[in-house]
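Below, chains carry the letters A, B, ... as their sequence lines are ordered, and counting in each starts from 1. Note that these values count all heavy atoms, side chains included, but never hydrogens, waters or copies made by symmetry. All of these numbers come straight from a predicted model, not from anything done at the bench.
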Amino acid sequence: MEIQWSLVLFTALSGAGAWLVACAGLDAFKGLAKKAVVPAVIAGIVLIVVGGIASATHLSHVDRIMAVLAHPAPGIFLEALLLGIDVVVAAAFLVLYKRNASEGVLKGLGIAAVVMAAVFSYACGSSYMMSSQLAWNTIALPLGYLGTALAAGTALWYLLCAVFKEEAAALSFAATEVLIGAVAALVTSLAYGFMAGVTGGDSAVLFWVGVVVCGGVVPLACGVFGMKKTDGALPLAVVAVAGAFIGSVAFRMLMWIASIALMSLFGVGI
Amino acid sequence: MARNCIVVNLDRCTGCFGCEVACKMENGVALGERWSKVFTVGPVGEYPDMTRYALPTMCQQCENAPCVSVCPTGASYRDANGVVLVDKEKCIGCKYCMMACPYGVRSWNVAEKCAEKCTLCGHLTSQDKLPACVKSCAAGARFYGDLDDPNSDVSKELAKYSEGDIHTLQDVGNAPATRYIMTSMIGQWQDRIAPADHPHTAAYPVAE
Ligand code: SF4
Ligand code: SF4
């Protein structure tokens, strides 16, 4: 199948945005970041919304989009619903954070943001699990969507912490989160690669260089260095973000390129 | 619920492509688009045990139709007679149904920018007429009707054959209603065929 760029951008941007909000929410437990929380939540909301708009550009009759809301079903309706809930959670966190709400409330919303990020980024991938698509019908696919979005979101959080010159403890913890995200991306995308059989042939370069090295190894290395050394976090964070985003986009491109239909009798391209 | 569908007797089918043409004419299907297609399966096997047959394909009217369950707007739906249809007025063009159909027998209407497919010629059957492909089949190989009605044309034709001679396209849980009758007179039913060795023969696509 042809790469559906609207959908690639949707899940890559919105997924990263959701995890960026989750990282900011998680900080309610640690209280390490002082300046990065507000910009991170705002950037997260923007990414989620821009991703949502990107997905709509895939439709030929966007004027009829409201019909989706009238027809609850897994897949597109669920993704739209989760996206909406995630934005509401993020906005509520932002408002309450600005108003210095109690620690308990912020922690509660922080947990909600993490759960929403996980559920939303997983759901975006699970929509593609169908028995007609032989290389997609594995749980490793939605897990890969989750893992690569986690890597991109944590890397963005690390970048914002570095840009806003957070203290060493915050930077070190953010780097640890990048490490966790990178491991998640690496494990889940390797699992998908082997289960779907996309590690060789035409997709080998995209998989090994784009997904594994850029999306996993690079942010992993940045996380390891960043945990120990907090000076010079900015260039490290820039590299982590670039790597994680390349990996996240490459993973989604690969899904389209490597698709194998059970049968494509009419040979109609999508 | 009724299980209306097309049944094709491949022992009778000559592979004349008449159904494909009749469908296009009746439904005004644009050039380059199709709701119906006749495949040539094979040749496979070793001489003298070889199989080659024509396989007319179209929407298989799945009982657990994946195209219906994934459609986000309800544009792909099952009507009161159990027929899977597309309400083009509701289609947003997400192409989700086209990815979900296990056979790739949905069509993209370029002019109207929406998904469509075989309608079992509901505009004709509602007036007690036969679908265009059934009516036009010169070999009398195509039948239309309800699998659950023992007096329907499809049930009467199927009743003439033993279970081993009745086939469906590969079922991955979607339970296609369309049945293909083929006896050993023609050869062996093929679920899948690698086309690589026969570059000039249209065959099933292969799963690697
Ligand atoms: S054959 Fe394809 S289009 Fe027809 S009902 Fe089954 S899934 Fe839907
Ligand atoms: S392309 Fe149209 S008919 Fe198919 S799933 Fe999308 S809205 Fe439904």
Side-chain angles (χ1 to χ4, degrees), chain A residues 1-2 4 6-7 10 55-81 124 126-137 141 196-203 255-256 258-270, chain B residues 32-39 55-60 64 66-77 87-110 112-115 117 169-174 191-192 202 204-208:
Chain A
M1 257 183 270
E2 276 178 41
Q4 304 293 311
S6 314
L7 301 177
F10 160 48
S55 80
T57 62
H58 162 69
L59 306 174
S60 61
H61 281 291
V62 82
D63 49 306
R64 299 173 184 162
I65 190 76
M66 285 305 160
V68 174
L69 301 178
H71 195 258
I76 294 172
F77 172 81
L78 184 67
E79 287 168 22
L81 180 73
C124 286
S126 73
S127 303
Y128 295 108
M129 284 176 65
M130 28 199 166
S131 50
S132 57
Q133 297 294 334
L134 305 180
W136 296 359
N137 204 17
L141 179 71
V198 294
T199 54
D202 292 347
S203 35
M255 184 198 91
W256 291 102
S259 71
I260 305 167
L262 178 80
M263 289 184 193
S264 179
L265 294 177
F266 292 0
V268 181
I270 296 199
Chain B
E33 296 167 17
R34 55 177 86 243
W35 294 3
S36 164
K37 179 175 179 174
V38 181
F39 273 85
L55 183 78
T57 60
M58 63 277 132
C59 167
Q60 307 283 303
N64 310 320
C67 58
V68 173
S69 50
V70 301
C71 178
T73 61
S76 285
Y77 71 107
D87 177 351
K88 291 198 270 178
E89 295 285 306
K90 279 193 190 165
C91 178
I92 55 172
C94 65
K95 298 187 177 173
Y96 209 179
C97 54
M98 296 168 71
M99 297 176 215
C101 171
Y103 311 120
V105 292
R106 290 199 149 221
S107 184
W108 180 249
N109 185 320
V110 174
E112 295 178 48
K113 298 196 188 98
C114 57
K117 66 172 194 75
L169 293 188
Q170 202 176 346
D171 182 358
V172 285
N174 49 300
D191 258 341
R192 311 186 72 76
Y204 285 93
V206 68
E208 313 218 336

Within 6.0 Å of CG in D63(A), more than 12 heavy atoms from elsewhere: yes
Interatomic spacing from SG in C91(B) to CG in L59(A) - rounded to 0.5 Å: 9.0 Å
Most chain B-contacting option - heavy-atom pairs closer than 4.5 Å, from G75(A), A70(A), S6(A), S60(A): S60(A)
Contact class of K90(B) relative to chain A, heavy atoms under 4.5 angstrom: backbone
Rounded distance [0.5 Å steps], CG in L169(B) versus CE in M263(A): 5.5 Å
Side chain to side chain contact (heavy atoms under 4.5 Å, CB included) between V172(B) and N137(A), intermediate numbers included: CA-CA 11 Å; V172(B) 285; N137(A) 204 17; over 6 Å; no
Which atom pairs, one a donor and one an acceptor, fall under 3.5 Å between side chains of residues 92-101 of chain B and the rest of the protein, sequence neighbours left out?
| from | atom 1 | to | atom 2 | distance (Å) |
| --- | --- | --- | --- | --- |
| Y96(B) | OH | S127(A) | O | 2.5 |

side-chain hydrogen bond (donor to acceptor under 3.5 Å, both in side chains) partners for S76(B), two or more places apart: R106(B)
Spacing of F266(A) atom CZ and W35(B) atom CH2 [to the nearest 0.5 Å]: 11.0 Å
Under 4.5 Å from any heavy atom of chain A - which part of K117(B): neither
Residue, of A80(A), S131(A), G197(A), that accumulates the most heavy atom pairs under 4.5 Å with chain B: S131(A)
Reported CZ-to-NZ distance for the pair R64(A) and K88(B), which is rounded to 0.5 angstrom: 10.0 Å
Structural part of M66(A) lying under 4.5 Å from a heavy atom of chain B: neither
